Peer 1: 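Supplied in structure tokens, the structure appears directly below.
Just so it is clear, the structure is predicted and the values come from calculations on it, not from any experiment. Below, each value reflects all heavy atoms present in this structure, side chains not excepted, and no hydrogens, waters or symmetry copies.
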Amino acid sequence: MKSSRLRPGVVIRWGIVISVGGALLIVLVPMFAYQMYATPNGVDQGLIAVIQTLVSVANIVLPPLGAALIGAGLVILYIEKNATRDREHSFQLGRRDASQ
């Protein structure tokens with residue numbers, strides 16, 4: 001049976017993808033939005049306002065979320081490499097052998 005533990009590599013990759021995606025949103029969406037501003041009818045302006053609001057929220061949320069996932073992945077990686085379990089299932093950092 002597979003373990004349900006989080007793998008640090010997956011968490012770090014998701015953090016990188018989310019950070020890069022947020023950066024691309026910050027750079028590319030205004031470029032396309034300015035092209036859409038050329039249409040003067042009210043329906044397009046309402047759509048632009050909704051898209052701009054969603055992109056603004058994504059720009060606020062995605063970069064810190066990506067950075068938090070990268071940091072969490074590094075912490076998981078560090079703890080997996082330095083933590084051992086003894087027979088009582090308590091974590092002890094720095095000990096490689098439970099009999100010491």
Side-chain angles (χ1 to χ4, degrees):
M1 191 159 112
K2 287 188 176 182
S3 175
S4 63
R5 296 184 329 181
L6 287 174
R7 291 174 299 211
V10 174
V11 175
I12 292 171
R13 279 188 217 113
W14 271 107
I16 292 170
V17 167
I18 290 174
S19 295
V20 169
L24 288 176
L25 274 176
I26 291 170
V27 171
L28 296 178
V29 170
M31 207 169 25
F32 294 118
Y34 291 135
Q35 291 175 356
M36 290 175 64
Y37 283 136
T39 59
N41 59 11
V43 176
D44 289 342
Q45 294 299 319
L47 180 64
I48 289 171
V50 169
I51 291 172
Q52 197 170 25
T53 303
L54 293 175
V55 169
S56 296
V57 170
N59 287 342
I60 292 170
V61 172
L62 291 181
L65 178 63
L69 285 175
I70 292 169
L74 293 174
V75 169
I76 293 169
L77 184 67
Y78 176 80
I79 289 176
E80 276 187 356
K81 288 190 178 200
N82 292 322
T84 58
R85 284 188 177 209
D86 59 4
R87 295 179 189 261
E88 290 83 31
H89 299 291
S90 63
F91 285 103
Q92 297 179 355
L93 290 175
R95 291 182 59 189
R96 298 284 180 201
D97 187 11
S99 64
Q100 290 180 347

Peer 1: Apply the side chain to side chain contact (heavy atoms under 4.5 Å, CB included) test between Pro8 and each candidate in Val75, Leu74, Leu77; give the one that qualifies.
Peer 2: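 Among the candidates, only Leu77 passes.
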Peer 1: Which atom pair, heavy atoms only, marks the closest approach of Ile26 to Pro63?
Peer 2: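 Taking Ile26 first and Pro63 second, the nearest heavy atoms are CD1-CG, 4.4 Å.
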Peer 1: Please say yes or no: joined through hydrophobic side-chain contacts below 4.5 Å, possibly via intermediate residues, are Ile70 and Leu24 part of one cluster?
Peer 2: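 Linked, Ile70 and Leu24 end up in one cluster.
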Peer 1: Is it the case that one hydrophobic cluster holds both Ile60 and Val50, taking links as side-chain heavy atoms less than 4.5 Å apart, direct or via other members?
Peer 2: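 No, it is not one cluster - the side chains of Ile60 and Val50 are not joined through contacts under 4.5 Å.
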Peer 1: Quick check: do Leu69 and Ile18 have side-chain heavy atoms less than 4.5 Å from each other?
Peer 2: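 In short, these two side chains touch, coming nearer than 4.5 Å.
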Peer 1: Please tell me whether Leu54 and Leu65 are part of a single hydrophobic cluster in this structure, the criterion being side-chain heavy atoms less than 4.5 Å apart.
Peer 2: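 Shared cluster, no.
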Peer 1: Which heavy-atom pair separates Leu25 from Ala58 by the least distance, and what is that distance?
Peer 2: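 Smallest heavy-atom distance, with atoms named: CD1-CB, 3.8 Å.
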